[in-house]
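Accompanying notes for the structure given below.
No hydrogens, no waters, no symmetry mates; every other heavy atom, side chains included, goes into these values. All of these numbers come straight from a predicted model, not from anything done at the bench. Atoms within a ligand are numbered from 1 in the order they appear, just like the ligands themselves.
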Amino acid sequence: MINPREPVAKPPGAVVEGEAPDLGLPVQACLFEGKLDPCILVIFGASGDLTARKLMPALYNLFLRGALPEPCCIVGVARTDWSREEFQRRMQEAVAGQEAVDMSRWPEFAPALFYYDMDYQAAASYQALGEALAEHDRQFGIGGSRLFYLAVPPSMYPVISLRLGEAGLSKEGGAGQGWVRIVVEKPFGHDLNSARELNRAMHRSFEEHQIFRIDHYMAKETVQNILIFRFANAIFEPIWNRGFIDRVGIIAAERIGVGHRAGYYEEAGVLRDMFQNHMMQLLSLTALEPPSRFEAEQVRDEKMKVFRSLKPITDPNSEENLILGQYAAGEIDGQPVPGYREEKGVSPDSLTPTFAIMRVFIDNWRWQGVPFYLVSGKRLPEKRTELIIHFKKVPHSMFEDIQMGPIAANRLILGIHPEEKITLTFETKNPGAVVCLRAVTMDFNYYQNYRGPIMDAYEKSLIDCIQGDHMLFWRQDGVEMCWAYFSPLIEECETCAFLERLIHPYPAGTWGPDEAGRLMRELE
Ligand code: BG6
């Protein structure tokens, strides 16, 4: 068991020692501030894929780093009829299946795991769950704080949150009670109306400050770094505007296809799956105004202003600012792969887009006239996520006589995946007697001079939920504003009599359909 009862003598926060190999200096990684409140983490959907692949490995890693609250217990609930031992055994297998994980301390971790099977619809199940949680509270001296993590399909969010409320499990602050929080993952609705409906359903039991809407992109280290890069350095912000920036590219390319998720993806498509959420977060972090303090509400207020300033794309049929595609059979890594329509669970005449490039404008003072190109798709040649800031060209070239061709403009790349790095491209003189120019790059690798622990997005998100920090989570107004931007556009596409003409096929393993070429070239 993770330290039931006795408090452990430990400084507030968890600091892990590492070393900076290049500098020979010790470094410290701060995992969290202060002391984490003891709590019970209740995972709905504990027999599912998300729990096995992401949540349990993240929790075990946090435990290994001393970054779980003490005491803490983890209660899995699901419809599957497992015993507690079976749950512990399956979780052990799932964690051991991860790369390079030290399982030697699993026997200390496993006693913190409990399991109850339950019917998500039945009120009686929640009464029983409430009693079990109260018993764990007493047993381990936890003090009533609870985190409910809904690792279930979004269609279950309303009923689970409603039943939790009816059973009195969403109330916080009563005598001897701590906080109560609920965590949900995207998609938050299918369009603006369903997002509002979902929100209303959750708010019947939970207040906004209790709700944590996860977007794993926000918790990526290099995505968090965007604000630090922009606002903890004096030299970039003065040029971060339409006066110096020509265009911005935001790319989230994937090699994988739809995999086993056809049921969900057929209804979603790339605009709902990637654009309304992850791409909008990347866009807002790149474009927002500096908040006066690094606080969740202030940062989220600034993101809202960006979402509110997005210029609507009114006529998708013109294909001026949006091109959609769907992968056909092709090759990835020299291996043949099927087209989207041949994937299991996909309709043979599906018109679901798996690729999109959008040209977006932000109607405000800073960004007037600067195009943001957003590109995302499945079955593209590589997995690559990055922001590319293209600066303007020099206004006049004094090197015209010696330089063949135009001078390349400066470019800054914030790499998110696979390379977590920052690259600045600029012109230099080529060494030698003859003056000629060449473009070179200056690279910063994100983990350079650092050998401390690296937290994955789920570890970071879990710690933040336990700390009650909303910085890396969606606020409902942001969700709605992004749906307000995308819903009319998606609806217009989906109801258009020529939808077939708007969904351009592209061979798997290529950078989207030929029709995207014009916008792709503008972005280059
Ligand atoms: C998810 C989408 O939110 O993000 C998936 O539903 C997509 O379709 C995934 O593959 C991409 O995440 P990452 O972290 O691999 O870029």
| said: I'd like to know if E302 and K305 make a salt bridge, using a cut-off of under 4.0 Å between side-chain N and carboxylate O. | reply: yes
- Message: Using a 6.0 Å distance limit plus a 45 degree cone around the ring axis, check whether R379 lies over the aromatic ring of Y340.
- Response: no
* Asked: Looking at side-chain heavy atoms only, is the closest gap between L36 and Q467 below 4.5 Å?
  -> yes
Using heavy atoms and a strict 4.0 Å limit, residues surrounding ligand 1 turn out to be K186, H216, Y217, K220, E254, I256, R261, D273, M274, H278, K378, K383
Fill in: H209, NE2: over 12 other non-hydrogen atoms inside 6.0 angstrom
yes
Discussion item. Are F307 and Y485 an aromatic pair, judged by ring center distance below 6.0 Å?
Written reply: no
TODO: Could you tell me whether R196 and E480 have a side-chain N and a carboxylate O separated by less than 4.0 Å?
DONE: yes
